[in-house]
Amino acid sequence: MAKWHQRYNRMKKMIIFVDNCENYILTVQFKDVIGHEDAIRRLRQQVLADRLPHALMLSGPQGTGKMALALALARLLVCKSPTADGEPCEACPGCRMSAAWTHPDLHFSFPVIKKKATDQPVSDDFLEAWREQLLQTPYFSQDDWLRRLGGENEQMQHFVGESDALQRKLSLKSSQGGRRVVVQWLPEKMPEATANKLLKLIEEPPSHTHFILVSDHPDAVLGTIQSRTQRMHIGPLGETEIAQALVQRHGTEPDEARHLAHLAQGSMTRALKQHEGEGEESLYLDIFISLMRLSYMRQVKEMRAWTERVAALGRERQKHFLQYCQRMIRENFILNFGLESRLNYMTAAESRFSQRFAPFINERNVIDIMEALSDCERDIEQNVQARMVFFDFSVKLTILLKG
């Protein structure tokens, strides 16, 4: 009975979502992708002329629509009879299956977590959660995916079994007799052992097989894989494009949409989180304010308690918090020049705090603070103990904020 209720609730949410969004996410064709007209035109031409490279890397900042582009491209590739303007026909069996991301020749590879220390998980173990994420929205973040996995305190990666699983799938004949497509999200999360195994597949792929890699940090991908893929940079979205999408697809008031688009800094994912009021940044702001106040007042005992709170976030969220801190330091430094209307990208809550905090971030300490944050991010990436990293940083701040 419990399982039946879970399935019913998921279906109910899906019906509500489709009614509200006019079936937008269930299709994900090029015409549904926000912005990036030049990239779409180029990809359509390459597919219709049968000149698409067998290994393509879509790279750029998080939240700009790389996954939406990859999904639209994958749907077009598995379609048997695409239209003359480069869209799936929506009539062949391949189109109907790929609309729900269940096509037998469409494979997904994405970073996952271990439920137990002895596990060797692969993407297939989390396919149901992945399809639910894609059906909800292709504009999602790493934090969104970690939350769906229930592993906010874990570091996700492509484990070594992932390459073996892909090799087994691609060793079989195409189910529909057409192209096979592998969409791999965040190849930079592959350790070297996994990447080296995948390299063999990319170098000598089976016939009519395409790899679409979607990367936020392409320079972190194994160099030999980078050299064997054709990279297409997907830059930030324009404020007008984000605002129009918020108005047309999410019913946002035009004035609010323009404000959210400015804050988003080219990321549709960030704009949606601000629109829904559930962004991680509200949590990060609270932690950031606590850190600055405690460090300025030199309350060492409370700083230790703050360190324990941040250490409990997990490595991925710790890195994102440090990136958030760097953004806030930059915003507060700019605020001192009186240019906030043009160059600042802060929410109302961030602005309220920064009006009084900004004078403490100045030319005497801004570089040292940014360098210290960068060092923290490096240490967390290298699995240095989080308590040591964050307590050391908070102690440095007690000097830098009053320097």
Side-chain angles (χ1 to χ4, degrees), residues 62 141-144 146-147 151-155 263-265 270 273-274 276-336 340 344-403:
Q62 181 174 279
S141 67
Q142 296 182 36
D143 283 341
D144 295 330
L146 272 173
R147 249 195 320 272
E152 288 100 331
N153 295 330
E154 304 291 333
Q155 288 202 79
L263 296 179
Q265 294 182 268
R270 189 179 179 204
K273 287 184 180 299
Q274 295 292 342
E276 296 162 2
E278 60 175 31
E280 290 283 312
E281 294 186 358
S282 59
L283 168 65
Y284 295 156
L285 174 61
D286 179 55
I287 300 174
F288 178 81
I289 292 175
S290 297
L291 170 63
M292 296 304 157
R293 287 176 174 168
L294 294 175
S295 295
Y296 181 78
M297 298 173 68
R298 300 187 175 182
Q299 296 180 336
V300 178
K301 183 177 179 180
E302 288 78 4
M303 285 159 55
R304 290 294 298 270
W306 177 90
T307 300
E308 293 294 329
R309 179 186 179 189
V310 179
L313 290 177
R315 297 280 174 178
E316 292 296 329
R317 295 175 81 187
Q318 288 163 9
K319 288 187 286 186
H320 296 163
F321 168 65
L322 289 168
Q323 293 163 5
Y324 176 83
C325 289
Q326 292 175 63
R327 183 177 73 80
M328 283 297 291
I329 294 299
R330 178 260 181 200
E331 300 293 345
N332 278 268
F333 182 64
I334 292 294
L335 197 60
N336 289 317
E340 61 272 20
N344 268 111
Y345 302 89
M346 291 189 289
T347 64
E350 291 169 345
S351 294
R352 285 193 296 270
F353 170 71
S354 297
Q355 290 298 328
R356 300 182 67 180
F357 176 67
F360 296 98
I361 305 299
N362 49 61
E363 66 275 4
R364 295 189 302 274
N365 61 15
V366 64
I367 293 177
D368 290 334
I369 293 175
M370 293 294 279
E371 287 180 349
L373 284 167
S374 180
D375 290 343
C376 287
E377 189 176 355
R378 178 203 61 205
D379 292 340
I380 292 297
E381 183 72 37
Q382 295 176 355
N383 288 323
V384 179
Q385 188 182 63
R387 291 178 179 85
M388 294 175 55
V389 172
F390 285 101
F391 185 69
D392 179 68
F393 175 63
S394 65
V395 171
K396 287 180 181 177
L397 273 182
T398 63
I399 300 171
L400 293 172
L401 288 178
K402 292 187 176 183

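Keep in mind that this is a model prediction, so the values were computed, not measured. What you see below is based on every heavy atom in this structure, not just the backbone, and it leaves out hydrogens, waters and symmetry mates.
Closest of all the heavy-atom pairs between S295 and M303 is CA-SD, 4.2 Å. For the residue pair L291 and S394, the shortest heavy atom distance occurs at CD1-CB, 3.7 Å. Closest of all the heavy-atom pairs between A311 and R387 is CB-CG, 3.8 Å.
Residues in residues 366-378 take part in these salt bridge (Lys or Arg N to Asp or Glu O under 4.0 Å) pairs, two or more places apart or across chains: D375-R378. For residues 292-301, no residue pair satisfies the salt bridge (Lys or Arg N to Asp or Glu O under 4.0 Å) rule, not counting sequence neighbours.
Atoms CD1 and CE, on I289 and M328 in that order, are 7.0 Å from each other to the nearest 0.5 Å. With values rounded to the nearest 0.5 angstrom, K402 atom NZ is found 9.0 Å from M297 atom CE. Residue D379 holds its CG atom at 9.5 Å from CG of L322, rounded to the nearest 0.5 Å. For the atom pair OG of S351 and CZ of F357, the computed distance is 14.0 Å after rounding to the nearest 0.5 Å. Of the inter-residue distances, the one linking Y324 atom OH with L373 atom CG reads 12.5 Å to the nearest 0.5 angstrom. In this structure, E381 CD and K319 NZ are separated by 3.5 Å, a value rounded to the nearest 0.5 Å.
Using a 4.5 Å cut-off on side-chain heavy atoms (C-beta onward), L400 and R364 make no contact. Within the 4.5 Å cutoff, side-chain heavy atoms of D286 are placed close to those of R309. With contacts defined as side-chain heavy-atom distances shorter than 4.5 Å, the pair L313/L283 qualifies.
In summary, the aromatic rings of Y284 and F288 are positioned with their centroids too far apart to meet the 6.0 Å limit.
Between the side chain of E350 and the main chain of T347, a donor-acceptor pair closer than 3.5 Å is present. Not a single donor-acceptor pair under 3.5 Å links the side chain of R304 to the backbone N or O of F391. Here the side chain of N362 pairs a donor or acceptor atom with the backbone of P359 at under 3.5 angstrom. Under the 3.5 Å distance criterion, the side-chain polar atoms of K396 are left unmatched by any main-chain donor or acceptor of A372.
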Kindly determine whether L294 and V300 satisfy side chain to side chain contact (heavy atoms under 4.5 Å, CB included), including the steps that lead there. CA-CA 8 Å; L294 294 175; V300 178; over 6 Å; no

Given the rule in the side chain to side chain contact (heavy atoms under 4.5 Å, CB included) test, do E331 and S354 qualify, once you have shown the distances and angles that lead to the verdict?
CA-CA 8 Å; E331 300 293 345; S354 297; 5.9 Å; no

CA sep, side-chain torsions, deciding dist, call: L397, Y296, side chain to side chain contact (heavy atoms under 4.5 Å, CB included):
CA-CA 7 Å; L397 273 182; Y296 181 78; over 6 Å; no

Assess whether side chain to side chain contact (heavy atoms under 4.5 Å, CB included) is satisfied between V389 and Q318, documenting all intermediate values. CA-CA 11 Å; V389 172; Q318 288 163 9; over 6 Å; no

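The side chain to side chain contact (heavy atoms under 4.5 Å, CB included) search around S141 returns Q62, D143, D144, T269, K273, not counting sequence neighbours.
When each of I329, I287, N332 is paired with M292, the side chain to side chain contact (heavy atoms under 4.5 Å, CB included) condition holds for I329 and for no other.
In this structure, W306 and F390 have perpendicular ring planes: the angle between them is above 60°, well past the 30° mark.
In summary, the side chains of E363 and N336 do not present any donor paired with an acceptor at a separation below 3.5 Å, with no hydrogens or angles considered.
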